[in-house]
Amino acid sequence: MLLKTIFGGAFALVMAVSPALACTGPEIFSDNFSSSDGPWQHTDGVNIGGGFAEMKPEPGKNAVMVYEPQQIKDFDVCADITYPQAKNPDEGGAIAGIIFWLTLDPASFYLTATTPGGMFGTVRVNKGRVLLAAPFKKYNFIKTGAGSKNTFRVSAKGGNVTVYANGQKAAAFRGQADDGFIGLYAESEKDQASSWKFSNFKLAEPQ
């Protein structure tokens, strides 16, 4: 219920390697989303099963699912994200990615995310303020368009964060490390629901 309250409204954000191979440290948890029995807490608009966690929030709104068993400061997390159909791939508000260092009341977290047009970057949301941690850019190693699947990875150790797409380093920055939850996030376009699909989730210890 608390997550639904925090993530009930859309955040106005301005802006192929297998996970099994990408996150090579000792495994903490992995999920192929074959069923909805995993340790996830999620908002409305999330459907888990058949090999995917599908997030389809209402137009202009968002959905989130959080790995509930533990809060983690240092980690290596990977997931495949399949792009939805989008009217405006980089301007319509559709965005999805990996949330980390999520703490509640008030909500604070980092979001490494992508758009259907292949933009990729990281923001920090802290007490209602949205700060840019790594600029959103297009990379030639990210496949674009509806149905395209890319592997995204976030590695954090001692506050140093490195983000990857399809095994290629995209950015590195120093973050405000905290014991926090890890999860997945998706936001729809302003005028239509966007169906994002997540697969092959893996959480491991950093190397």
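Along the sequence shown, the residues carry numbers beginning at 1. Being a predicted model, the structure only gives us computed values, none of them experimental.
Closest approach of Phe141 to Ala165, counting heavy atoms only: CD1-O, 3.4 Å. Residues Gly159 and Ala177 come closest through the heavy atom pair CA-CB, 3.8 Å. Shown here for Ser188 and Pro57, the closest heavy-atom pair between the two residues is OG-O, 2.6 Å. Shown here for Val77 and Cys23, the closest heavy-atom pair between the two residues is C-SG, 3.6 Å. Scanning all heavy atoms of the two residues, the minimum distance from Met65 to Ala53 falls at SD-CB, 3.7 Å. Shown here for Phe198 and Gly97, the closest heavy-atom pair between the two residues is CE2-O, 3.8 Å.
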Go through it in stages, so that I can follow the logic: the residues are Phe29 and Tyr67, the test is side-chain contact (heavy atoms from CB on, under 4.5 Å), and I'd like the CA-CA distance, side-chain angles, deciding distance and then a yes or no. CA-CA 9 Å; Phe29 172 74; Tyr67 175 66; 3.6 Å; yes
Test Asp74 against Glu205 for side-chain contact (heavy atoms from CB on, under 4.5 Å), laying out the working first. CA-CA 7 Å; Asp74 296 336; Glu205 295 180 9; over 6 Å; no
List the steps and the verdict of side-chain hydrogen bond (donor to acceptor under 3.5 Å, both in side chains) for Ser195 and Glu54. CA-CA 7 Å; Ser195 179; Glu54 182 179 18; 2.3 Å; yes
Apply side-chain contact (heavy atoms from CB on, under 4.5 Å) to residues Leu102 and Val66 and explain how you reach the verdict. CA-CA 9 Å; Leu102 167 64; Val66 172; 3.8 Å; yes
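In the model, Ser194 has no side-chain atom that pairs as donor or acceptor with a side-chain atom of Glu187 under 3.5 Å. At a cut-off of 3.5 Å, with distance as the only test, no side-chain donor of Thr115 or Tyr83 sits close to an acceptor on the other residue.
Note on Lys157 versus Asp76: no salt bridge recorded, every NZ/NE/NH1/NH2 to OD/OE distance being 4.0 Å or above. With respect to the salt-bridge test (charged N to carboxylate O, under 4.0 angstrom), the residues Lys73 and Asp178 do not qualify.
To the nearest 0.5 Å, atoms CG (Leu184) and CD1 (Ile98) are separated by 6.5 Å. Here CG of Asn140 is found 8.5 Å from CD of Gln168. Values are rounded to the nearest 0.5 Å. Taking NE2 of His42 as the reference point, atom CG of Asp44 lies at 8.5 Å (rounded to 0.5 Å). The OG1 atom of Thr103 sits 10.5 Å away from atom CD of Gln176, with the distance rounded to the nearest 0.5 Å. Expressed to the nearest 0.5 Å, how far OG1 of Thr112 lies from CZ of Arg124 amounts to 13.5 Å. Here the CG atom belonging to Asp179 is positioned 10.0 Å from the CD atom belonging to Gln70, to the nearest 0.5 angstrom.
Without hydrogens or angle criteria, Asn166 side chain to Asn150 main chain gives no donor-acceptor distance under 3.5 Å. Distance alone, capped at 3.5 Å, places no donor-acceptor pair between the Lys197 side chain and the Ile81 backbone. With hydrogens and angles disregarded, a donor-acceptor distance shorter than 3.5 Å links the side chain of Asp31 to the backbone of Phe33. A donor-acceptor pair under 3.5 Å is formed between the side chain of Glu189 and the backbone N or O of Lys87. Between the Tyr185 side chain and the Leu111 main chain, no donor and acceptor come within less than 3.5 Å of each other. In this structure, the side chain of Thr43 engages the main chain of Val64 through a donor-acceptor pair within 3.5 Å. Looking only at distances, no side-chain donor or acceptor of Gln192 sits under 3.5 Å from a matching main-chain atom of Pro59.
Residue Leu203 is grouped with residue Phe100 when hydrophobic side chains (ILVMFWY) are merged at heavy-atom distances under 4.5 angstrom, including chains of intermediate members.
A cation-pi arrangement is not found for Lys169 relative to Tyr164, the charged atom failing to lie both closer than 6.0 Å to the ring centre and inside a 45° cone about the ring normal.
Between Phe136 and Ile95 there is a side-chain heavy-atom pair separated by less than 4.5 Å. Taking 4.5 Å as the limit, some side-chain heavy atom of Val163 sits within range of a side-chain heavy atom of Val161.
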Enumerate, atom names and distances included, each donor-acceptor pair closer than 3.5 Å involving a side-chain atom of residues 125-134, sequence neighbours excluded.
unit_1: Asn126; atom_1: OD1; unit_2: Ser108; atom_2: OG; d: 3.3

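A 6.0 Å sphere centred on CD of Glu58 holds no more than 12 heavy atoms belonging to other residues, nucleotides or ligands.
You'll find the ring centres of Trp40 and Phe201 inside the 6.0 Å limit. Taking the ring centroids of Tyr110 and Trp101, they lie under the 6.0 Å cut-off. In this structure, the ring of Phe120 has its center less than 6.0 angstrom from the ring center of Phe152.
Under the side chain to side chain contact (heavy atoms under 4.5 Å, CB included) test applied with Ser36, the options Val46, Asn47, Ile48 reduce to a single match, Ile48.
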